[in-house]
Amino acid sequence: MTNISLKLAETISSNGIKSVYGEPVEIDGTTIVPVAAVQYGFGAGSAGDADEDAPGGAGGGGVSIPFGAYVSDETGVHFRPNLITLLVVAIPFVWVAGHAWSRVIKALKK
């Protein structure tokens, strides 16, 4: 079981920075480099001692969230955010912050 975990760890660590920053793409003199947040998680286990016939299991998963892209053109290099991702993150954050502030204000009024 340990060998599977080690192989998965080697595979993920070999991806490194290429899993966060995509390959540069050039279109009409403009270079675009996509940016994403990437997270992986893996686990493995077995019952009993080091016996090869002992029951066990492994699992894992990952997520990638596209944040935007770095764009290099005649005006320079700048970051263009993915607006949909910003909304998906911002709406729950604003709701939680508003809810927290309402509780703080309620507590201060007492």
Side-chain angles (χ1 to χ4, degrees):
M1 191 59 64
T2 307
N3 292 338
I4 293 171
S5 299
L6 291 175
K7 287 182 181 182
L8 285 172
E10 289 172 6
T11 302
I12 297 306
S13 65
S14 69
N15 287 342
I17 198 77
K18 291 195 181 259
S19 62
V20 176
Y21 296 101
E23 293 294 325
V25 178
E26 188 166 340
I27 301 171
D28 295 330
T30 302
T31 304
I32 301 168
V33 179
V35 180
V38 179
Q39 184 176 13
Y40 299 101
F42 295 96
S46 64
D49 43 345
D51 184 18
E52 289 187 26
D53 294 333
V63 65
S64 176
I65 301 170
F67 280 134
Y70 282 104
V71 178
S72 174
D73 55 12
E74 63 276 351
T75 62
V77 177
H78 47 279
F79 182 75
R80 298 261 174 113
N82 180 349
L83 296 179
I84 295 172
T85 301
L86 286 177
L87 287 174
V88 166
V89 171
I91 289 172
F93 177 77
V94 169
W95 183 85
V96 168
H99 189 69
W101 272 110
S102 70
R103 287 183 173 240
V104 168
I105 291 169
K106 216 183 248 187
L108 291 175
K109 283 184 178 181
K110 288 183 179 181

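Quick note: residue numbers are just sequence positions, from 1. Reckoned from all heavy atoms, side chains included, excluding hydrogens, waters and symmetry mates.
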* Say whether Thr30 and Asp28, considering side chains only, have a donor N or O and an acceptor N or O under 3.5 Å apart. => no

* Structure fact -> On a heavy-atom basis, the closest approach of Pro66 and Ala36 is CA-CB, 4.0 Å

* **Derivation of the side-chain contact (heavy atoms from CB on, under 4.5 Å) call for Val71 and Val77** => CA-CA 6 Å; Val71 178; Val77 177; over 6 Å; no

* Asked: Do Ile27 and Val35 share a hydrophobic cluster, counting only Ile, Leu, Val, Met, Phe, Trp and Tyr and linking them when any side-chain heavy atoms are less than 4.5 Å apart?
  -> no

* Structure fact -> For Pro92 and Leu87, the nearest pair of non-hydrogen atoms, with its separation, is CD-O, 4.2 Å

* If we only count heavy atoms from C-beta on, is the Val33 to Glu23 side-chain gap below 4.5 Å? -> no

* Asked: Which atom names give the shortest non-hydrogen contact between Gly68 and Phe79, and what distance separates them?
  -> CA-CZ, 3.9 Å

* **Residue pair Thr31, Val25: steps toward the side-chain contact (heavy atoms from CB on, under 4.5 Å) verdict** => CA-CA 6 Å; Thr31 304; Val25 178; over 6 Å; no

* **Side-chain heavy-atom pair Ile32, Tyr70 within 4.5 angstrom cut-off** => no

* To do: Return yes if some donor-acceptor pair links the side-chain N/O of Thr85 with the main-chain N/O of Phe67 below 3.5 Å, else return no.
  => no

* Does one hydrophobic cluster hold both Val88 and Phe93, with members joined at side-chain heavy-atom distances below 4.5 Å? -> no

* Neighbour count >12 (heavy atoms, 6.0 Å) for atom CD1, Ile84 -> no

